[in-house]
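All heavy atoms count here, side chains included; hydrogens, waters and symmetry mates do not. The chain is numbered in sequence order, starting from 1.
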Amino acid sequence: MFIALFLVVVLLVIGAIHWYLWKRLVKDVVTTRRGRRVGTLVVVLLGVLIPVTLVGSRVLPLKQQPVLAWPGFLWLALMFYLLVTLAVLELPRLALRGWTLRRTPQPVDNSVDSSALPVDSAARPVQGVVDGPGGPVDDATGLEPARSSAEALPAAVEGRFDPSRRLLLGRSLAATAGVLSVAAVGIGTWQAKSAPVLKRVPIRLAKLPASMAGFKIALVSDIHLGPLLGRSHTERIVRIINSVDADLVAIVGDLVDGSVAELGPAAEPLQDLKARHGSFFVTGNHEYFSGYKEWIDEVNSLGVRVLRNERLDIQGIDLAGVNDVTGEDVGDGPDFAKALDGRDASRPVVLLAHQPVQAHDAAKHGVDLQLSGHTHGGQMVPFNLLVGLEAPVVAGLGTVDGTQVYVTRGAGFWGPPVRFGAPPDISIVELHGA
């Protein structure tokens, strides 16, 4: 029942958004009947494409999904930016409303031959015409003398509104929204498919042993292997990480969007990761949608150790990892007590946890630094503003209840192959003493 209600709400929202786009991009700017019919058909088809894509990404075999994923998710991104841009442009539309309603004088033809006009419409001669407050009136009848058609014409024309101004404004705003939205999606697509940016992030830990100064953790998250990101994506990430000579590699969840049978070969390059103290992984929410038990075994088999609510010693640092909160739905949630209780409080602890929101529990257990992903940095600005309502840190370094939290934007994408204002990254966290 809940799922059915949710789907109805989603369809209503999609429908409302496409109605608004139709009004602003078709009804307000297209004047021909044929043009409006074509525009309406296009908007309806695009509106249907989104739920078809979302359903297809769940039921179609992975190899068939790109046929729907590319056009469907690109339109989803473009729809989002058209909606945002047109909504912002409602302000200048409102400000210029008076201009569109301004009366526009029209040229008047004064060459009308009054002799050719009907007798009853010509100016009738009267006696005793005097000036009144509204013009000349007959002092006998109190009525205004009849005017000729030539005299009445300018008054009738001057009372009309000029529809061309409203059309000009509508087309100008629609063109502006279209250009800005297409540019945002184009740039975002290029960024999403580009190599992740390598970020070096120095972080100070008060308890860090002097011998560990400069310890480098290569942090990557949200690789999102799936219908649009495959083996070459993993190979590029491995090459980038291996180029920095890291002490440790941390993969903090959302590796895949599909089963081991479908994406196992795409994940294989992870076995080539090189780091002095090894590579480690914690589950993200998408692992629980993709067969998490099989993926835990698969990742371990690639030489990447999965930390499941546990910790280990790395030359004076406690490295801990907890399961993602989504695992609670299947009895595999995070257990901070199991991972962190009973440790030596004089040693610094670095926690791997997929979601930044887990920092609230981490702080209660005295975690010095939490490394997370999940947010994608918002993926598409201004969506980061909504992400910030749930995540205490959207991207970069922050503090939650006294615990330092660093959030990487991730190396992949989910849904639209677009990252606008939030390019993918791999972060090299360098630890230093306070």
Show me, pair by pair, the donor-acceptor contacts under 3.5 angstrom made by side chains of residues 240-250, not counting sequence neighbours?
unit_1, atom_1, unit_2, atom_2, d
Asn242, OD1, Lys274, N, 2.8
Asn242, ND2, Val238, O, 3.4
Asn242, ND2, Asp272, O, 3.1
Ser243, OG, Ile240, O, 2.5
Asp245, OD1, Arg276, NH1, 3.1
Asp245, OD2, Arg276, NH1, 3.3
Asp247, OD1, Arg276, NE, 2.8
Asp247, OD1, Arg276, NH2, 2.9
Asp247, OD2, Lys216, N, 2.7

Worked check of side-chain contact (heavy atoms from CB on, under 4.5 Å) between Tyr288 and Asp329: CA-CA 9 Å; Tyr288 293 98; Asp329 297 335; over 6 Å; no

Student check: side-chain heavy atoms of Val350 and Leu205 closer than 4.5 Å: yes

Spatial distance of atom NZ (Lys207) from atom CG (Asp368) [nearest 0.5 Å]: 4.5 Å

Side-chain ion pair, Arg308 and Asp332, N-O less than 4.0 Å: yes

Ala359: side-chain contact (heavy atoms from CB on, under 4.5 Å) partners, not counting sequence neighbours: Gln370, Val400, Val405

Polar side-chain atom of Glu287 near backbone of Val256 as donor-acceptor pair, under 3.5 Å: yes

Residues that Glu268 engages under salt bridge (Lys or Arg N to Asp or Glu O under 4.0 Å), provided they are two or more places apart: Arg231

Spacing of CD1 belonging to Ile237 relative to CD1 belonging to Ile426, to within rounding of 0.5 Å: 5.5 Å

Heavy-atom pair of closest approach, residues Leu74 and Pro417: CD2-CG, 3.9 Å

Parallel, tilted or perpendicular: ring planes of His286 versus Phe289, cut at 30 and 60 degrees: perpendicular

Donor-acceptor pair, side chain of Ser181 and main chain of Leu78, under 3.5 angstrom: no

Trp99 backbone acceptor or donor facing Arg165 side chain under 3.5 Å: yes

Side-chain (Arg343) to main-chain (Pro348) donor-acceptor, under 3.5 angstrom: no

Closest heavy-atom pair and its distance - Val88, Pro92: O-CD, 3.6 Å

Close side-chain approach of Arg171 to Thr31, heavy-atom, < 4.5 Å: yes

Summary of ring-ring contact (aromatic ring centres under 6.0 Å, His included) pairs that have at least one residue in residues 38-92, sequence neighbours excluded: His18-Trp75, Tyr81-Phe420

Atom of Pro424, atom of Gln191 and distance for their closest heavy-atom approach: CD-O, 3.5 Å

Pairwise salt bridge (charged side-chain N to carboxylate O under 4.0 Å, His left out) hits with a residue in residues 398-423, at least two apart: Arg409-Asp425

Partner set under side-chain contact (heavy atoms from CB on, under 4.5 Å) for Arg204, not counting sequence neighbours: His432

Nearest-0.5 Å distance that lies between atom OG1 in Thr283 and atom CG in Leu307: 10.0 Å

Any residue meeting side-chain contact (heavy atoms from CB on, under 4.5 Å) with Ile17, in chain and number order, not counting sequence neighbours: Val13, Leu21, Met79, Leu83

Derivation and outcome, side-chain contact (heavy atoms from CB on, under 4.5 Å), residues Leu228 and Phe413: CA-CA 9 Å; Leu228 301 182; Phe413 54 79; 4.0 Å; yes

Within-4.5 Å side-chain heavy-atom neighbours: Leu25 and Leu86: yes

Side-chain heavy-atom pair Leu60, Val67 within 4.5 angstrom cut-off: no

Side chain to side chain contact (heavy atoms under 4.5 Å, CB included) partner of Leu351, chosen from Leu319, Val282, Asp318, Val367: Val367

Close side-chain approach of Ile428 and Leu198, heavy atoms under 4.5 Å: yes

Atom of Gly373, atom of Ser221 and distance for their closest heavy-atom approach: CA-OG, 3.5 Å

Spacing of CG belonging to Asp254 relative to CG belonging to Asp257, to within rounding of 0.5 Å: 7.0 Å

Results of salt bridge (Lys or Arg N to Asp or Glu O under 4.0 Å) for Lys338 - residues two or more places apart only: none

Heavy-atom check, side chain of Glu390 versus side chain of Val357, under 4.5 Å: yes

Donor-acceptor contact below 3.5 Å, side chain Gln358 vs main chain Leu352: no

Distance, nearest 0.5 Å, that separates CG of Leu208 from CD1 of Ile203: 11.5 Å

Sequence neighbours excluded, every pair satisfying ring-ring contact (aromatic ring centres under 6.0 Å, His included) that has a member inside residues 229-285: Phe215-His277

Heavy-atom check, side chain of Ile14 versus side chain of Pro51, under 4.5 Å: yes

Verdict with supporting geometry, Leu45 and Leu49, side-chain contact (heavy atoms from CB on, under 4.5 Å): CA-CA 6 Å; Leu45 291 177; Leu49 178 61; over 6 Å; no

Test salt bridge (Lys or Arg N to Asp or Glu O under 4.0 Å) applied to Arg34 - qualifying residues, sequence neighbours left out: none

With a 3.5 Å cut-off and sequence neighbours excluded, list the donor-acceptor pairs that the side chains of residues 374-384 form with protein atoms.
unit_1, atom_1, unit_2, atom_2, d
His374, ND1, Asn285, OD1, 3.3
His374, ND1, His354, NE2, 3.1
His374, NE2, Gln355, OE1, 3.4
Thr375, OG1, Gly377, N, 3.1
Thr375, OG1, Val394, O, 2.5
His376, ND1, Gln379, OE1, 2.7
His376, NE2, Asp222, OD1, 3.2
His376, NE2, His224, NE2, 3.1
Gln379, OE1, Trp414, N, 3.4
Gln379, NE2, Trp414, O, 3.2
Gln379, NE2, Pro416, O, 3.0
Gln379, NE2, Val418, O, 3.1

Under the salt bridge (Lys or Arg N to Asp or Glu O under 4.0 Å) test, residues paired with Arg239 that sit two or more places apart: none

Closest non-hydrogen atom pair between Pro334 and Val322, with its separation: CB-CB, 4.1 Å

Nearest-0.5 Å distance that lies between atom CZ in Arg305 and atom CD in Glu310: 5.0 Å

Least distance between heavy atoms, Gly258 atom then Glu262 atom: CA-OE1, 3.8 Å

Side chains of Leu273 and Ile251 in contact at under 4.5 Å (non-hydrogen atoms): yes

